[in-house]
S.K.: 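Starting off with a structure, shown below.
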Amino acid sequence: MDKSIANEVSGQKKRKTILIIFFAVAVLALCIWLLRFYFKPALSASDITTSVAAIGNIENTINATGEVLPEFEESLTSPINASVMKVLLDAGNKVKAGESILILDKSAAQSEYDKLKFQIESKENEIRKLKLDLEKSFYDIKSNNSIKQLRIGNLVDAVSSAKRLYKAGGGTKEGIEQAELNLKVAELEKQQLENEIRSKQQTMKIEIREAEIALEIQRNDQNALKRKLDLANVVATRAGVITWVNKNIGASIKEGESLAKIADLSSFKIAGSVSDNQLDQLHNHMPVIVRINDVQLRAHIVNISPAVNNGIVSFAAQLEERNNKLLRPNMKVDIFLVTATRNGALRVANGPAFKGSTLQEIFVLNKGKAERRTVKTGLSNFDYVEILTGIKPGEVVITSDMKAYENTAEVAVNN
């Protein structure tokens, strides 16, 4: 009997303990709910940026980098090995065509020019000597040939006399043969001499021609060096502005090394570069947006480099407004390549709230609250994002970063 009462009392205690725990959990849950109800997450309107969804045009772009370059820029190089003697005009100065920019020390090149001049005079004397030798040799051989001709004439008479004498019975047949042999030898000697004359003439003509060719080469070298010496005055070939000049007085300059750059700053172009991952989207005449601060300039691609260097593709773009006052030589600019355009699209201003994926969670303002909304995006650029679904025209979208509230369905917005 005592044992049955003990079990009943123990059961009542357990049920009481369970009820107490249940009520404690319920009270705790109620407190948490009340806390969340009265202390909802909130943010200040001054801490966010917003944009009203509206209908408009939008361009899809890919980012690139660019540099502003003068449309015309000439690099003046040293035509000779020299050194900088004096700089007459510094970078930034305007220059007229024919105006000197700097002076080079040309003494070494001048010495080489004078040496070449003496070599030409020596070669001219050599040619004159060869011509005199040719004339003398020709005269000597011609004289010998005349003598041979006279001897042949005598030998012809001797043959005739020997034959007459033989017919008269006063000579012998051997005498006739001897006279004919002497005549034949003389004729062969004359023929040999004539061949020597022709060979000597041809040989000396070749020697003279070789000397004349060598002389012509030296004269060409002299004329080329003269032109280089004239160019060593380093004058502007056209009017413009000096963008760079070598100011290292006394520095040794090698032939072909740059001395100064002159640009026409009334017209500019864009040299751009983009990752080779975007190469398949590039094409000539592709629209380009060049952004300088808050100003946008329009351009189009005119040339794409066929080579890829370190994963980068280079291209050239021609500006529609090539003389805009904001353009400066070697200025770095942001470039946006337009890959697609859509008219009448629902768009909002681009901002940190958009992460680049097609489906995104954003917040929309509604009666003092920011409501989380899933949207589908389309085209995008640095200014706008196209909204395909999830937003209606006129709704206000928070464009600032809302990552801190990514697990919150609703956020209060205090003015």
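Keep in mind that what you see is a predicted model, and the values were worked out from it rather than measured.
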S.K.: Heavy atoms only: give me the nearest Val338-Glu59 pair and the separation to one decimal.
M.R.: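 Taking every non-hydrogen atom into account, CG1-CB, 3.9 Å.
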S.K.: Checking side chain to side chain donor-acceptor pair (under 3.5 Å) against Lys123, which of Gln119, Glu126, Glu121 comes through?
M.R.: Glu126
S.K.: Measure the acute angle between the ring planes of His300 and His285, then classify it against the limits of 30° and 60° as parallel, tilted or perpendicular.
M.R.: parallel
S.K.: Quick one: which of Glu361, Glu395, Gln360 gives a side chain to side chain donor-acceptor pair (under 3.5 Å) with Arg373?
M.R.: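 For Arg373, the side chain to side chain donor-acceptor pair (under 3.5 Å) test succeeds with only one of Glu361, Glu395, Gln360, which is Glu395.
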S.K.: Which of these, Asn350, Thr399, Val396, Ile398, sits in a side-chain contact (heavy atoms from CB on, under 4.5 Å) with Ser51?
M.R.: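 Result for side-chain contact (heavy atoms from CB on, under 4.5 Å) with Ser51: Thr399.
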S.K.: Less than 4.5 Å apart, side chain to side chain, heavy atoms only: is that true for Ile312 and Val274?
M.R.: no
S.K.: Does a side chain donor of either Glu321 or Asn324 reach within less than 3.5 Å of an acceptor in the other side chain?
M.R.: yes
S.K.: Do Val364 and Asn366 have side-chain heavy atoms sitting under 4.5 Å apart?
M.R.: no
S.K.: Could you tell me whether the side chain of Thr377 and the main chain of Thr358 form a donor-acceptor pair under 3.5 Å?
M.R.: yes
S.K.: Please step through salt bridge (Lys or Arg N to Asp or Glu O under 4.0 Å) for the pair Asp264 and Arg322, ending with a clear verdict.
M.R.: CA-CA 11 Å; Asp264 181 1; Arg322 287 176 274 183; over 6 Å; no
S.K.: Okay, side chain of Asn246, backbone of Asn248: is any donor-acceptor separation there less than 3.5 Å?
M.R.: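 Judged by distance alone, yes, a pair lies under 3.5 Å.
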S.K.: Given Val68, which partner from the list Asn330, Leu319, Leu327 fulfils the side-chain contact (heavy atoms from CB on, under 4.5 Å) test?
M.R.: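 Running side-chain contact (heavy atoms from CB on, under 4.5 Å) over Asn330, Leu319, Leu327 with Val68 returns exactly one hit, Leu327.
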S.K.: Can you list the residues that meet the ring pair (Phe, Tyr, Trp, His ring centres under 6.0 Å) rule with Phe72, with sequence neighbours excluded?
M.R.: none
S.K.: Which heavy atom in Ile262 sits nearest to a heavy atom in Thr243, and how many Å separate them?
M.R.: N-OG1, 4.4 Å
S.K.: Is any side-chain heavy atom of Thr77 closer than 4.5 Å to one of Glu257?
M.R.: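 A side-chain contact is absent here, since even the closest heavy-atom pair is not under 4.5 Å.
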S.K.: Does some side-chain heavy atom of Leu69 sit less than 4.5 Å from a side-chain heavy atom of Ile270?
M.R.: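 No, too far: nothing below the 4.5 Å cut-off.
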S.K.: Tell me the closest heavy-atom pair linking Val245 and Ile242, and the distance in Å.
M.R.: CB-CG2, 4.3 Å
S.K.: Measuring from Phe336:CZ to Phe382:CZ, what's the distance to the nearest 0.5 Å?
M.R.: 5.0 Å
S.K.: Provide the closest heavy-atom pair for Asp401 versus Lys355 in the form atom of the first, atom of the second, distance.
M.R.: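 That closest heavy-atom pairing would be OD1-NZ, 3.5 Å.
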S.K.: Do Glu124 and Leu215 make a side-chain contact, defined as non-hydrogen atoms from C-beta onward lying under 4.5 Å apart?
M.R.: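 Counting from C-beta outward, Glu124 and Leu215 do come under 4.5 Å.
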S.K.: Hey, could you give me the OG/CD distance between Ser122 and Gln218, rounded to the nearest 0.5 Å?
M.R.: 8.0 Å
S.K.: According to side-chain contact (heavy atoms from CB on, under 4.5 Å), who are the partners of Arg342, at least two apart in sequence or on a separate chain?
M.R.: Ile58, Ala345, Leu379, Glu386, Leu388
S.K.: Could you check Leu337 against Gln278 for side-chain contact (heavy atoms from CB on, under 4.5 Å), going step by step and ending with a plain yes or no?
M.R.: CA-CA 10 Å; Leu337 307 177; Gln278 312 292 346; 6.0 Å; no
S.K.: Do you know which two heavy atoms are closest between Thr237 and Ala97, and how far apart they sit?
M.R.: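 For Thr237 and Ala97, the tightest heavy-atom pair comes out as O-CB, 3.9 Å.
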S.K.: Could you check whether any side-chain heavy atom of Leu265 comes within less than 4.5 Å of a side-chain heavy atom of Pro70, counting everything from C-beta outward?
M.R.: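 They are in contact (side-chain heavy atoms under 4.5 Å apart), so the answer is yes.
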S.K.: Quick one: are Ile335 and Ile289 in side-chain contact, heavy atoms under 4.5 Å?
M.R.: no
S.K.: I'd like to know whether Ile387 forms a side-chain contact (heavy atoms from CB on, under 4.5 Å) with Phe354, so could you lay out the CA-CA distance, the side-chain angles of the two residues, the decisive distance to 0.1 Å, and finally the verdict.
M.R.: CA-CA 11 Å; Ile387 304 297; Phe354 298 97; 4.0 Å; yes
S.K.: Does Ser75 reach the side chain of Trp244, with side-chain heavy atoms less than 4.5 Å apart?
M.R.: no
S.K.: Taking the side chain from Ser357 and the backbone from Leu359, do they hold a donor-acceptor pair closer than 3.5 Å?
M.R.: yes
S.K.: Assess the residue pair Glu67 and Lys332 against the criterion (salt bridge (Lys or Arg N to Asp or Glu O under 4.0 Å)); give the C-alpha distance rounded to whole Å, side-chain angles, the decisive distance to 0.1 Å, and a yes or no.
M.R.: CA-CA 5 Å; Glu67 183 178 7; Lys332 304 297 182 182; 3.4 Å; yes
S.K.: Measure the spacing between CG of Asn63 and CZ of Arg291 and express it to the nearest 0.5 Å.
M.R.: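 Nearest 0.5 Å value for the CG-CZ distance: 10.5 Å.
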S.K.: Closer than 3.5 angstrom, by distance alone: can the side chain of Gln318 be matched with the main-chain N or O of Ala299 as a donor-acceptor pair?
M.R.: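 A pair under 3.5 Å: no.
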S.K.: Quick check: closest heavy atoms across Gly344 and Asn57, and the distance to 0.1 Å?
M.R.: N-OD1, 3.5 Å
S.K.: Give a yes-or-no answer on whether the side chains of Asp383 and Gln296 include a donor-acceptor pair shorter than 3.5 Å.
M.R.: yes
S.K.: Test your reading of the model: is there a side-chain donor-acceptor pair from Asn60 to the backbone of Ser380, 3.5 Å cut-off?
M.R.: yes
S.K.: Under the criterion salt bridge (Lys or Arg N to Asp or Glu O under 4.0 Å), I'd like the reasoning laid out for Glu73 against Lys261: C-alpha separation, chi angles, the key distance, then a yes or no.
M.R.: CA-CA 7 Å; Glu73 186 172 35; Lys261 291 182 180 180; 5.4 Å; no
